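Chain letters run A, B, ... following the sequence lines, proteins first, then strands; residues in each count from 1. All values derive from a computational prediction rather than experimental measurement. No hydrogens, no waters, no symmetry mates; every other heavy atom, side chains included, goes into these values.
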Protein chains: 2
Amino acid sequence: MAHDGTAMTGTKVGTDTRARILDTAERLFAETGLAATSLRQITTAAGVNLAAVHYHFGSKDGLVQAVYERHIAPVNRERLRLLDLYEATPSPGAAQLEQLVEALVGPVLRLKKDDPVAARSVRCLIGRIYCEPGDQMKSVLCQFDEIRERFPAAFSRALPHLSRTELLWRVHFMIGATLHTTGARQLLEQVSEGPCDPNNTEETVRQLVHFLCAGLRSASTAAEEV
Amino acid sequence: MAHDGTAMTGTKVGTDTRARILDTAERLFAETGLAATSLRQITTAAGVNLAAVHYHFGSKDGLVQAVYERHIAPVNRERLRLLDLYEATPSPGAAQLEQLVEALVGPVLRLKKDDPVAARSVRCLIGRIYCEPGDQMKSVLCQFDEIRERFPAAFSRALPHLSRTELLWRVHFMIGATLHTTGARQLLEQVSEGPCDPNNTEETVRQLVHFLCAGLRSASTAAEEV
DNA sequence: GGTTCATTCAAACGGTCATTTGTTTGAGAG
DNA sequence: CTCTCAAACAAATGACCGTTTGAATGAACC
């Protein structure tokens with residue numbers, strides 16, 4: 001009956017159940033995957049009734065969507081806020097590109113940086129956005145429409161030496177490196193055996209922005225043929 | 001009634017069944033995901049009996065492992081062959097790094113380039129290696145042990161200006177960009193609306209190698225502080 | 001006190017799942 | 001020809017799935 005997010009009535013019991021479902025689903029989805037996590041696992045771990053999921057979210061798909069929206073919406077709002085800020089008062093000289101890349105990758109890498117436990121789940125889920133198969137992600141991906149429209153345009157202005165094709169390729173590579181950094185953190189910890197610390201958020205952002213800007217800025221491959 | 005069935009009572013029935021299961025599983029795993037694809041879907045689509053999966057592969061996990069191993073093993077063999085080749089006769093001057101990157105990302109991007117239909121499935125699956133949750137991938141990931149040992153060492157030799165930490169970060173970013181290029185091809189097609197063609201394998205390799213080499217070669221961030 | 005309405009709950013529904021079992025088949029070996 | 005054994009088969013098992021239902025709860029309002 002009340003699948004929407006605004007169920008703020010007088011009682012506090014309702015919102016508590018809703019939040020516990022969201023928190024638990026977020027953790028289990030990250031650990032086990034969307035398809036492999038059953039509603040029974042979620043409601044048992046959360047200590048709520050099975051039917052509460054359908055009451056609050058309508059269906060399992062509705063729950064998935066709610067879990068993602070809770071974190072993606074603020075990230076994309078922050079990205080656009082920074083983009084607006086940097087476009088209004090651009091940095092002098094060459095640091096403009098660094099600002100744009102930072103605005104794109106910073107907010108997602110800094111997500112939940114104060115809560116390491118929740119951060120692990122959220123980042124794992126976000127890193128899996130393009131990997132989770134099926135149509136379940138379509139309603140999540142449309143939340144990035146404005147990002148996909150405004151950021152490439154800004155990059156194009158900052159990198160006038162690139163053709164549209166080259167720019168789109170490099171933005172694609174940039175997204176890949178960022179998503180992998182967001183989602184496959186435990187892999188890096190395990191492989192680097194010490195030196196690289198994905199929990200050091202600012203160092204991660206610094207390394208990633210530096211790498212991406214160098215790749216983005218490099219000469220046009222078409223120009224090489226001249 | 002039962003003595004007839006649809007048994008292709010000819011010759012070499014065994015290997016045919018096994019191959020049909022592998023081909024069909026590969027396609028459905030790519031389309032629907034590992035957990036969400038049932039053995040019944042696979043065997044029905046393949047036109048074989050359900051029990052044949054357990055006979056040939058022992059379990060669903062065994063089938064998953066077999067599907068991956070069939071393609072990953074040749075890719076990694078080719079990667080190491082190229083690495084051996086380039087280490088034996090290194091290219092003159094600055095093109096050495098390009099050779100190394102090409103040896104790492106070329107074989108996976110060129111996978112099944114002659115069969116677009118199968119290529120889509122295989123690349124989608126490989127792009128999902130680090131995203132698929134659970135322990136199912138552990139037995140697949142260990143196939144990369146030699147890659148993870150030899151390539152960073154080779155990169156370190158080609159990029160002596162980088163500290164070990166910086167090198168590992170950049171290799172991590174490189175893997176992310178490569179996996180995203182491998183797995184999220186339909187996304188690029190859809191977003192770029194024309195200019196970028198992920199089916200043009202050689203152009204993809206060229207763009208990716210160029211981008212990655214620029215990122216890898218860029219100055220050490222530690223050096224900037226001096 | 002009685003009514004309303006959001007919320008929670010236990011219990012079931014029909015389906016599908018992975019796996020096991022026991023039998024039948026067919027081709028190559030002696 | 002017979003023997004053997006890998007291979008394919010149908011049927012059944014028990015468990016788990018997402019979803020629905022209808023009743024119980026309990027605070028808020030008249």
Exercise for the section: Report yes if at least one side-chain N or O of B:His54 is closer than 4.0 Å to OP1 or OP2 of D:dA8; otherwise report no. Expected result: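 No, B:His54 has no side-chain N/O under 4.0 Å of OP1/OP2 on D:dA8.
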Handout entry: N or O in side chain of A:Thr17 less than 4.0 angstrom from C:dT8 OP1/OP2
Key = yes
Fill in the blank from the handout: Ranking B:Ala52 and A:Leu34 by the position along DNA chain D of their nearest nucleotide, the one closer to 5' is B:Ala52
Problem - First of A:Ser38 and A:Asn49 reached from the 5' end of DNA chain D, by closest nucleotide - result: A:Ser38
For the pair made of [atom1] in [X] and [atom2] in [N], what is the distance, rounded to whole Å?
X	N	atom1	atom2	answer
B:Arg18	D:dA6	CZ	P	16 Å
A:Leu39	C:dA10	CG	P	17 Å
B:His56	D:dA6	NE2	P	12 Å
B:Tyr55	D:dA8	OH	C1'	9 Å
B:Asp16	C:dG26	CG	C1'	16 Å
A:Ile42	D:dT19	CD1	P	11 Å
A:Lys60	D:dC16	NZ	C1'	12 Å
B:Leu63	C:dT19	CG	C1'	14 Å

Exercise for the section: Looking at every strand, decide which applies to B:Thr37 at a 4.0 Å heavy-atom threshold: base, sugar-phosphate, or nothing. Expected result: sugar-phosphate
Practice task
Flag the pair A:Val75 / A:Arg79 as yes when at least one side-chain heavy-atom distance between them is below 4.5 Å, and no otherwise.
Solution key: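 Side-chain contact under 4.5 Å: yes.
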Fill in the blank from the handout: Nearest-nucleotide check on DNA chain C, A:Arg40 vs A:Ala51; residue mapping nearer the 5' end is A:Ala51
Problem - A:Arg110 bridged to A:Glu78 by N-O distance under 4.0 Å - result: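 Salt bridge absent between A:Arg110 and A:Glu78.
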Handout entry: salt_bridge(A:Asp16, A:Arg20) N-O dist < 4.0 Å
Key = yes
Practice task
Among the candidates C:dT7, C:dA18, C:dC17, find the nucleotide nearest to the side-chain atoms of B:Gln41.
Solution key: C:dC17
Completion exercise
Rounded to the nearest 0.5 angstrom, the CD1-CD1 distance for A:Ile147 and A:Ile175 is 10.0 Å
Practice task
Consider only side-chain N and O atoms of A:Glu26 and A:His71, and report whether a donor and an acceptor are under 3.5 Å apart.
Solution key: yes
